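Notes for the one structure printed next.
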2 protein chains.
Amino acid sequence: MQQQADNIVHTLKSKSLRVTPQRFAVYANLLARADHPTAEQIVQALNQNVPTSSQATVYSSLQTLRDAGLIREVLLEEGVCRYDANVAPHHHFRCKCCGEIEDIAWEQFFGLDLQNLRPGLRVEGYEVTVYGMCDRCDSSTAT
Amino acid sequence: MQQQADNIVHTLKSKSLRVTPQRFAVYANLLARADHPTAEQIVQALNQNVPTSSQATVYSSLQTLRDAGLIREVLLEEGVCRYDANVAPHHHFRCKCCGEIEDIAWEQFFGLDLQNLRPGLRVEGYEVTVYGMCDRCDSSTAT
DNA sequence: CTTTGTGCAAACGATTTGCAGGATG
DNA sequence: CATCCTGCAAATCGTTTGCACAAAG
């Protein structure tokens, strides 16, 4: 627990981010949960008992953490942006029904038996987004 | 051209959608373009010369067409929803620089040489979203 | 102390909605 | 002619911003 807290403080410092209670709370909360919460859900979670962080601060902390590469945004739904403290490459499983999102380890994908991602998941399809540079941008950027 | 128009009318009717000039225009526009426009871009395109469809109508037409399975939404960016008249399964390439989106044929993906999607594209990474039903939802739905 | 973060409330952009009039099947 | 669609403007939702005060290094 204390160990965990020290780690967070250390990680933030290593990115030259000031360690404020709010920022700490946002990051700690995200690290502690396996779902992929929206900004709003994080605000809720942090202020459940005692008000600790304003909405604006949570949004700004999320941006800061994202820019530092400590968290990533996940866009699987329209309208909302979800966050994930797992920055290692990995894929996502999304339930069409409840919208629940589950991580799929990176290695599992290529050559994977999609019908057996894990017992209990019924896979109906998948979509791949490849990202990189297109020719036009590539040539306009200094080579 | 006329052939094309008839096809659109026919397709709309086959989904029991009323054929209104606005709805026709939205669908025709989406079928005619290869990019993945936002609702706003479609509004622009349709009203470029003569005002033909209000913003609200375009949004509602897009919803209707989506519900009918004639178009699909593509979420590759935060904040905006893009639309695609290509409802066949396929993947996307997104340029990190200009944001341009290009379709990748479905068959190409598994066992694909990502470095040679097509000459000119520099691939930096990819993400997969698998969708389906999770155990919880699966059991709550009548089996 | 200087810099950066916080909180509030107002501003914003994308999308939705309520409602009256109009077009479609 | 009953139903569904359109257009306008106001409303809503998620997110951002301006600014004065407070806290961190």
Side-chain angles (χ1 to χ4, degrees), chain A residues 5 8-30 36-47 50-68 70-83 99, chain B residues 5 8-30 36-47 50-68 70-83 99:
Chain A
I8 296 177
V9 170
H10 181 257
T11 308
L12 291 174
K13 283 190 175 162
S14 75
K15 298 283 181 178
S16 4
L17 297 179
R18 283 194 181 176
V19 181
T20 67
Q22 293 83 346
R23 190 169 288 170
F24 177 95
V26 169
Y27 190 37
N29 182 261
L30 212 40
H36 299 64
T38 63
E40 190 50 36
Q41 291 174 319
I42 297 173
V43 172
Q44 301 280 303
L46 298 186
N47 299 326
V50 192
T52 60
S53 324
S54 76
Q55 192 202 47
T57 300
V58 171
Y59 274 97
S60 113
S61 299
L62 287 169
Q63 277 185 200
T64 309
L65 291 167
R66 159 168 51 68
D67 293 345
L70 296 180
I71 66 176
R72 67 143 88 167
E73 287 174 345
V74 185
L75 305 167
L76 299 176
E77 229 176 323
E78 40 179 330
V80 277
C81 195
R82 295 179 169 277
Y83 293 88
Chain B
I8 295 177
V9 170
H10 181 260
T11 308
L12 291 174
K13 284 189 176 162
S14 75
K15 297 284 179 179
S16 2
L17 297 179
R18 285 195 179 173
V19 181
T20 66
Q22 293 83 347
R23 193 170 285 171
F24 178 94
V26 169
Y27 189 37
N29 182 260
L30 212 40
H36 300 63
T38 62
E40 190 50 36
Q41 290 174 320
I42 296 173
V43 173
Q44 301 279 305
L46 298 185
N47 299 325
V50 192
T52 60
S53 324
S54 76
Q55 194 202 46
T57 300
V58 171
Y59 273 98
S60 114
S61 300
L62 287 170
Q63 277 185 200
T64 309
L65 292 167
R66 159 167 51 68
D67 293 345
L70 296 180
I71 65 175
R72 65 143 88 168
E73 288 175 343
V74 185
L75 305 168
L76 299 175
E77 229 175 323
E78 40 180 328
V80 277
C81 195
R82 295 179 170 277
Y83 293 88

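In this text the structure is predicted, and so the values were computed from the model without any measurement.
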### Task
Calculate, to the nearest 0.5 Å, the distance between atoms OH and CZ belonging to A/Tyr27 and A/Arg23 respectively.
12.5 Å
### Query
Looking at side-chain heavy atoms only, is the closest gap between A/Val26 and A/Thr57 below 4.5 Å?
no
#### Entry: Protein-nucleotide distance (B/Phe24, atom CZ; C/dG25, atom P), rounded to Å
13 Å
### Task
Just compare C/dG5, C/dT15, D/dT15 and give me whichever is closest to any side-chain atom of A/Ala39.
D/dT15
### Query
A/Gln41 CD to D/dG14 C1': how many Å, rounded?
13 Å
### Message
Can you confirm whether A/Arg72 sits close enough to A/Tyr83 that some side-chain heavy atom of one is under 4.5 Å from a side-chain heavy atom of the other?
### Response
no
### Task
Name the residue closer to the 5' end of DNA chain C, choosing between B/Ser60 and A/Val58 according to the nucleotide with the nearest heavy atom.
A/Val58
## Note on the structure
Separation of C/dG5 atom P from A/Tyr27 atom OH, nearest Å, is 17 Å
### Message
I need the CZ-P distance between B/Arg66 and C/dT15, as an integer number of Å.
### Response
11 Å
### Message
Can you tell me which nucleotide in C/dT15, C/dG25, D/dG7 comes closest to the side chain of B/Ser54?
### Response
D/dG7
### Distance, rounded to the nearest Å, where A/Leu12 contributes CG and D/dA24 contributes P
14 Å
### Message
Applying a 4.0 Å non-hydrogen cut-off, can you work out what A/Thr52 is touching in the nucleic acid: base, sugar-phosphate, or nothing?
### Response
sugar-phosphate
### Query
Counting just side-chain N and O atoms, does B/Thr20 come under 4.0 Å of either OP1 or OP2 of C/dA23?
no
### Task
May I ask you to test the B/Ser53-B/Val43 pair for a side-chain heavy-atom distance under 4.5 Å?
no
### Message
Please pick, from C/dT17, C/dG7, C/dT15, the nucleotide with the shortest atom-to-atom distance to any side-chain atom of B/Ala56.
### Response
C/dT17
### Summary
From CD of B/Gln55 across to C1' of D/dA10 the rounded distance in Å is 12 Å
### Message
Can you see if the side chain of A/Tyr59 gets near the phosphate of D/dT16 - specifically, an N or O under 4.0 Å from OP1 or OP2?
### Response
no
### Message
Side-chain N or O of A/Thr57 versus OP1/OP2 of C/dG5: is the shortest distance under 4.0 Å?
### Response
no
### Query
What is the distance from CG of B/Leu17 to P of D/dC5, rounded to the nearest Å?
8 Å
### Message
OP1 or OP2 of C/dG7 versus the side-chain N and O atoms of A/Gln22: is any pair under 4.0 Å?
### Response
yes
### Query
What is the distance, rounded to the nearest whole Å, between atom CG of B/Leu65 and atom C1' of D/dT6?
15 Å
### B/Ser53 vs B/Arg18, nearer the 5' end of DNA chain D by closest nucleotide
B/Arg18
### Query
Distance from B/Leu30 atom CG to B/Arg82 atom CZ, nearest 0.5 Å?
12.0 Å
### Query
So does B/Gln63 get a side-chain nitrogen or oxygen closer than 4.0 Å to the phosphate oxygens (OP1/OP2) of C/dT16?
yes
